[in-house]
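Okay, structure first, notes after.
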Number of protein chains: 2
Amino acid sequence: MAEKLQDSYLAAHDQLYRNLRMRIMYGELRPGQAMTLRGVAEEFSVSVTPVREALKRLAAEGALSISVSGRFQTPALTNDRIEELAALRALIEVELATRALPRAHMALVERLQTINNAISVAVAKADAVTYIRTNLEFHRTLYLRAQAPAMLATVETVWLQMGPTMRALYGRLQRKDPPMHHRLILAALKAGDEPGLRVAVRADVTQGLRMLAR
Amino acid sequence: MAEKLQDSYLAAHDQLYRNLRMRIMYGELRPGQAMTLRGVAEEFSVSVTPVREALKRLAAEGALSISVSGRFQTPALTNDRIEELAALRALIEVELATRALPRAHMALVERLQTINNAISVAVAKADAVTYIRTNLEFHRTLYLRAQAPAMLATVETVWLQMGPTMRALYGRLQRKDPPMHHRLILAALKAGDEPGLRVAVRADVTQGLRMLAR
DNA sequence: TATCGGCAATTGTGATCACAAACGCAGATG
DNA sequence: CATCTGCGTTTGTGATCACAATTGCCGATA
């Protein structure tokens, strides 16, 4: 195999996948944005073969939609689908937070508070991409403690599908308030309050949905 | 594009994907079973290019695992991961059933009963593959009524990951009892009993987990 | 008999090419 | 001014090839 295993070398298609995945999940691409095999191939100076694998993989995860003729573009979600994805987030993330709670020590809460400060800065600067990235980092850091890799992978797929739409929503809303629900989450973590944690996580995840129903 | 759109022609890699996906989800492959690009290519009389796309896609969905050197094989799940996947099933399928309940009319219940009879036949014949397929068909038929395609797709991915393991489990257990929990589900559907439905679905989904903790 | 070393076969990766279908813009037509 | 018709360009698909790394088997050695 051409895949060098020494150190942490990654195959070309895997580098492409990770790079594009970040772009999509963190809202750097608008909904409906088209991508072509040769376009991406030229941008990354590779042939179309690894690009095809990366785009197909992203499409399989719902990060890209494929037109009937096979063209790739970021998905433009309907309101119904947004509601569904938000409900999935609520279901899974409440469970992940619950599983993380007994393992959440002070060091974790402090790390979360640091991330929370970064979120506040991003909000103040109205930097949508940084806001989305740090916000997801907050959630991921908490859920990593749940020791539930399959659940985390599933919810990350949901985040991925919502990426372009979240960018469009947050960019439109221009919210100015710091992350209120995150403070509730931190308080519940410190107090070991499981019911309170579940309510706080559910509220945080569902919050974005409310401003959709404008 | 080489993709003919007339009628319902599918690209070669898509045919491969669907075929292999069925094999895996319905337990026709054992855990840890290896697959090679050239092996599959020869079996389906195509080149390695479409095979690579199909296998990569399945790997992205967790239906196949990739070794450090890039080889493909069906996943051999740890007990922890099985517990996680069962918990995901419980979370999502309870929600899907709840959403399907208000739309579940008599015709649907009758279709479910027909499928249930087929399940009993498969159990009596100790046909693990048919049992798994018809059992999932029972669940899918119910959940289709929920009008929640993203949730259904997510839970199908979970089914996919558990396919080979379920085959190994059911093959070992040789259960003889007809689907008890399914009768409870049907009764709750007929009665419009949402709490009862949620309990029945959760029990049905978690049931397989218990015989794992032998 | 068990273990190690080495070589041949196997395997995944990425580049390149031909091909057919869809796209998109320009020009003709009403 | 709006709509349709062509035609060149763009795009995804699948086959093939060279390559490098892994695998696995066979024989040598202790």
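Just so we're clear, the structure is a prediction, and the values are computed from it rather than from any experiment. Chain letters run A, B, ... following the sequence lines, proteins first, then strands; residues in each count from 1. All values below were derived from every heavy atom in this structure, side-chain atoms included, with hydrogens, water molecules and symmetry-related copies excluded.
- One can place CG of Leu55(B) at 14 Å from C1' of dT13(C), the figure rounded to the nearest angstrom.
- Applying the 4.0 Å criterion to OP1 and OP2 of dT13(D), one finds that Lys56(A) has a side-chain N or O inside that range.
- Listed nucleotides: dT13(D), dG14(C), dT16(D). Nearest to the side chain of Leu37(A): dT13(D).
- Where Arg52(A) and Ile66(B) meet DNA chain C, the nucleotide closest to each residue was compared, and Ile66(B) sits on the side nearer the 5' end.
- Checked against Thr134(B) for a side-chain contact (heavy atoms from CB on, under 4.5 Å), the options Asn117(B), Val121(B), Ile119(B) give a single hit: Ile119(B).
- Without hydrogens or angle criteria, Arg145(A) side chain to Ala100(A) main chain gives no donor-acceptor distance under 3.5 Å.
- Going from atom CZ of Phe72(B) over to atom P of dT10(C) covers 19 Å, rounded to whole Å.
- Rounded to whole Å, atom C1' of dT11(D) lies 14 Å from atom CD of Gln73(A).
- Side-chain atoms of Glu84(A) and Leu88(A), non-hydrogen and from C-beta on, never get closer than 4.5 Å to each other.
- One donor-acceptor pair, N or O on each side, does fall under 3.5 Å between the base of dG12(D) and the side chain of Arg38(A).
- Taking 3.5 Å as the limit, the base of dA15(D) and the side chain of Thr49(B) contain a donor-acceptor pair of atoms between them.
- Summarising the geometry, the separation between CZ on Arg71(B) and C1' on dT13(C) is reported as 12 Å, rounded to the nearest angstrom.
- Following rounding to the nearest Å, Gln15(A) (CD) and dG14(C) (P) show an atom-to-atom distance of 9 Å.
- Between the CD atom of Glu42(B) and the P atom of dG12(C) there is a distance of 13 Å, given to the nearest Å.
- Atom CG of Leu16(A) and atom P of dT13(C) are 13 Å apart (whole Å).
- Side-chain rings of His13(A) and Tyr17(A) stay apart, their centers remaining 6.0 Å or farther from each other.
- When His181(B), His182(B), Arg89(B) are each tested for a side-chain hydrogen bond (donor to acceptor under 3.5 Å, both in side chains) with Asp204(B), only one passes: His182(B).
- When the side-chain nitrogen and oxygen atoms of Ser69(B) are compared with OP1 and OP2 of dT23(D), one or more of them lie within a distance under 4.0 Å.
- Distance Glu53(B) CD to dG14(C) C1': 14 Å, rounded to the nearest Å.
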